Amino acid sequence: MQYLDSLNEKQKEAVLYTDGPLLIVAGAGAGKTKTLTHRIIHLIHQGVNPGSILAVTFTNKAAKEMRERVMALLDERESGNAPSLREGANVPFVSTFHSLGVHIIKENAHLIGLNKYFTIIDENDAMSIIKSIMKERDIDAKQHEPRKIKSIISKSKGDFITVDTFSANAQSAVQSIVAMIWRDYEARLKKEKALDFDDLLLETVLILKKFPEVKECYQERWKYLHIDEYQDTNEVQYEMTKLLVGKDENICVVGDTDQNIYSWRGANIKNMLHFEKDFPSAKIVMLEQNYRSTKNIIEAANSVIEKNIYRVPKILFTENVKGEEITICEAYDEQSEAHFVARKIDELLKNTDPENIAILYRANFQSRVIEESLLDKQIPYQVLGIKFFERKEIKDLLSYIRVAYNKESLSDIKRIINIPTRGIGKTTIAKLFAGQVNDLPAGMQIKIKNFYELINDIRIYIDGHKPSESVKYVIEKTGLKEELSRGTSDEQERLENMMELVTLAIKYDNIQSGEGMEKLLEDASLSSDQDTLMHKGKGVRLMTVHASKGLEFKYVFITGLEQDLFPHTKGNNRSKEDNEEERRLFYVAVTRAREKLFLSYTSLRTIFGMKQVNSPSEFIYDIPAHLTNFEQAYSENGEKIVYL
């Protein structure tokens, strides 16, 4: 069992405990992914069928990393038999919660009136449907903000609340309006044979609850469960996990209460704190040795987080070098702060690649002035948040493919029926959707007929060809290539992005049973910001602290450390729980850094067009002075503010 040699004693303890419930409390950078993957391999070494092991995490990046590590260790174990394992016949099932939901729903789609080719609508499509419903219902979008309504629906689904339950418990006029819109929204999705992101979890739990034989089937299939980032599970993910646990209670959850930063989207820290209550026989293993950061950074992180009460107590330690002191910069205003950051990065780039550097901020608006300074210094950068799969031309292309599989997807049809231009307007589309095609002029009926013949041709081609060939066929057959080829440089770039999708599709070409295109559509629907960030483009990384979770960099700049910005005010009613979450968020930011950490705040900052005088964040005072050095960045006129 040489694979155990690289583990420390606590990691080994977690790996060797294979029967019954196990809670692994893993601090930042403590090797939780390594521990999980080695535990999976150990189970296989002990004779457990690889196909009976399930591992679930939150991001595609984390799932991909875990899957690759497991496969690499399996390859070592199987040596010459590695190719047979890679065909997917009998390997651990590693996925995100949403991918797991898709898998279960596809296998049981007939139970909820769907087929395996149902459409997954993204946030923008969901917003379009809600706005359309509000317009039909003559509901004022200024009085009832559509995004807030969508947020209420999403949060409710995450809390395992259905539209019927929400409607029955509505106690205000606003809640009644939300219930009405929600019911219309569900009817629209049902008509289009579509689900939104939240449904992928909610419908999965409803299937497992309504059909005991289905639940028992999955409990029998996956006898060993591994749940990563357990502190981030919301109510519906918590329910899904409990429903999949079999009678032997072979469940291993990994998490860190100090990194619970998603309460705003339903993550419930109590799920982890109550694990022993749910599973009284649970064993607890603490992973406190950090392998990522220097001693200075770890001591700073411990000093910050120890003030929180709602946590599993632990103290990180590391055998890494002491490292450089943490630089704290007091800047006059946001321009001075941005110049400081750009100047420091310019110096760092003499000895490192830009991808090793990250600039973190609490709110998205902070990036603009930083970008300007990076441009002035000609420093390449990439802002997290621009998804490849959300580009208009990519969505158009994928809509053609989705409609080929699901002609009930009216949102996709509406999107592409006149792209490229076919002379089909809104009135025609309305009559088409109302089933009044025969009322249209003969010439328009021919255009509609030609469109559906095109869709049929695409479906026939997809069924007989590899995904990369099919994507290329769609680009050419629809006329998109011809239209964009003779256009502006912007249109040429859109065509290049489409061809990039052809390249991306190649990795799905070897998936057997003709399921490659289905998998491509699924992955496109479930893609995240991090997927784009880590695989496309060079440059310094700019992102919010929330988006940085799970990532690490040699050099990290945390900007805007001012009271009421970070920690954020969240209005005037900030609770103790809110305060603790802001502190956890800062802890996450600090522990992204491997070698050097820069903290900065401004004396003046312009917010909503008004200059505000700020006091430094309370978090700065939580870091022991002996770990830091201090710098100042003055205004262009040499001005500064003195604090008394």
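None of these values were measured; they are calculated from a predicted model.
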Carefully, step by step, assess Arg583 and Glu580 under the rule salt bridge (charged side-chain N to carboxylate O under 4.0 Å, His left out).
-> CA-CA 5 Å; Arg583 188 171 292 278; Glu580 293 215 351; over 6 Å; no

Tell me whether [X] contacts the main-chain N or O of [Y] through its side chain, where contact means a donor paired with an acceptor under 3.5 Å.
X	Y	answer
Glu518	Glu515	no
Lys295	Gly323	no
Gln366	Arg362	yes
Asp256	Asp258	yes
Glu552	Arg594	no
Asp199	Leu202	no
His546	Ile261	yes
Asn90	Gly51	yes
Thr591	Val588	yes
Asn320	Ser293	yes

Step by step, would you call Lys32 with Glu229 a salt bridge (charged side-chain N to carboxylate O under 4.0 Å, His left out)?
-> CA-CA 10 Å; Lys32 67 182 177 65; Glu229 304 284 11; 3.4 Å; yes

Shortest non-hydrogen contact from [X] toward [Y]:
X	Y	answer
Gln231	Ala267	O-CB, 4.2 Å
Lys596	Glu325	NZ-O, 2.6 Å
Ser525	Phe197	O-CZ, 2.7 Å
Tyr601	Leu561	CB-O, 3.0 Å
Ala300	Leu627	N-CD1, 3.6 Å
Asn302	Leu316	ND2-O, 2.8 Å

Kindly assign one of parallel, tilted or perpendicular to the pair Phe566 and Phe619, based on the angle between their ring planes and the thresholds 30° and 60°.
->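 Ring orientation of Phe566 relative to Phe619: perpendicular.
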
Can you tell me how far [atom2] of [Y] sits from [atom1] of [X], rounded to the nearest 0.5 angstrom?
X	Y	atom1	atom2	result
Glu239	Asp159	CD	CG	11.0 Å
Leu16	Leu7	CG	CG	8.5 Å
Lys322	Ile298	NZ	CD1	15.0 Å
Ser6	Lys34	OG	NZ	3.5 Å

Looking at residues at least two apart in the chain, or sitting in another chain, which of them share a ring-ring contact (aromatic ring centres under 6.0 Å, His included) with Phe160?
->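 Listed in chain order: nothing, the list is empty.
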
Qualifying residues under ring-ring contact (aromatic ring centres under 6.0 Å, His included), relative to Tyr381, sequence neighbours excluded =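 Result, ring-ring contact (aromatic ring centres under 6.0 Å, His included) vs Tyr381: none returned.
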
Given the rule in the side-chain hydrogen bond (donor to acceptor under 3.5 Å, both in side chains) test, do Tyr310 and Asn260 qualify, once you have shown the distances and angles that lead to the verdict?
-> CA-CA 10 Å; Tyr310 300 112; Asn260 172 260; over 6 Å; no

Salt bridge or not between [X] and [Y]? Use side-chain N to carboxylate O under 4.0 Å.
X	Y	value
Lys538	Asp353	no
Arg584	Glu581	yes
Lys307	Glu618	no

Determine, for Phe211 and Lys215, whether the Lys NZ or Arg CZ falls below 6.0 Å from the six-membered ring centre while staying within 45 degrees of the axis.
->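 No, cation not above the ring by the 6.0 Å, 45° rule.
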
Could you walk me through whether Thr327 and Asn629 pass the side-chain hydrogen bond (donor to acceptor under 3.5 Å, both in side chains) test, one step at a time?
-> CA-CA 5 Å; Thr327 296; Asn629 62 57; 3.2 Å; yes

Checking side chain to side chain contact (heavy atoms under 4.5 Å, CB included) against Met240, which of Thr233, Val56, Leu201 comes through?
->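 Exactly one option meets the side chain to side chain contact (heavy atoms under 4.5 Å, CB included) with Met240, and it is Leu201.
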
With a 4.5 Å limit on heavy-atom distance, are the side chains of Lys519 and Asp523 in contact?
->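 In short, these two side chains touch, coming nearer than 4.5 Å.
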
Assess whether atom [atom1] of [X] is packed by more than 12 heavy atoms of other residues, nucleotides or ligands within 6.0 Å.
X	atom1	result
Glu347	CD	yes
Ile315	CD1	no
Lys242	NZ	yes

How far apart are the C-alpha atoms of Thr257 and Lys314, what are their side-chain angles, what is the distance that settles it, and do they pass the side-chain hydrogen bond (donor to acceptor under 3.5 Å, both in side chains) test?
-> CA-CA 10 Å; Thr257 51; Lys314 66 178 184 307; 5.1 Å; no

Identify each donor-acceptor pair in which a side-chain atom of residues 272-285 lies under 3.5 Å from a protein atom, sequence neighbours left out, and give them as a table.
| from | atom 1 | to | atom 2 | distance (Å) |
| --- | --- | --- | --- | --- |
| Asp278 | OD1 | Tyr238 | OH | 3.0 |
| Asp278 | OD2 | Tyr238 | OH | 2.5 |
| Lys283 | NZ | Glu13 | OE2 | 2.9 |

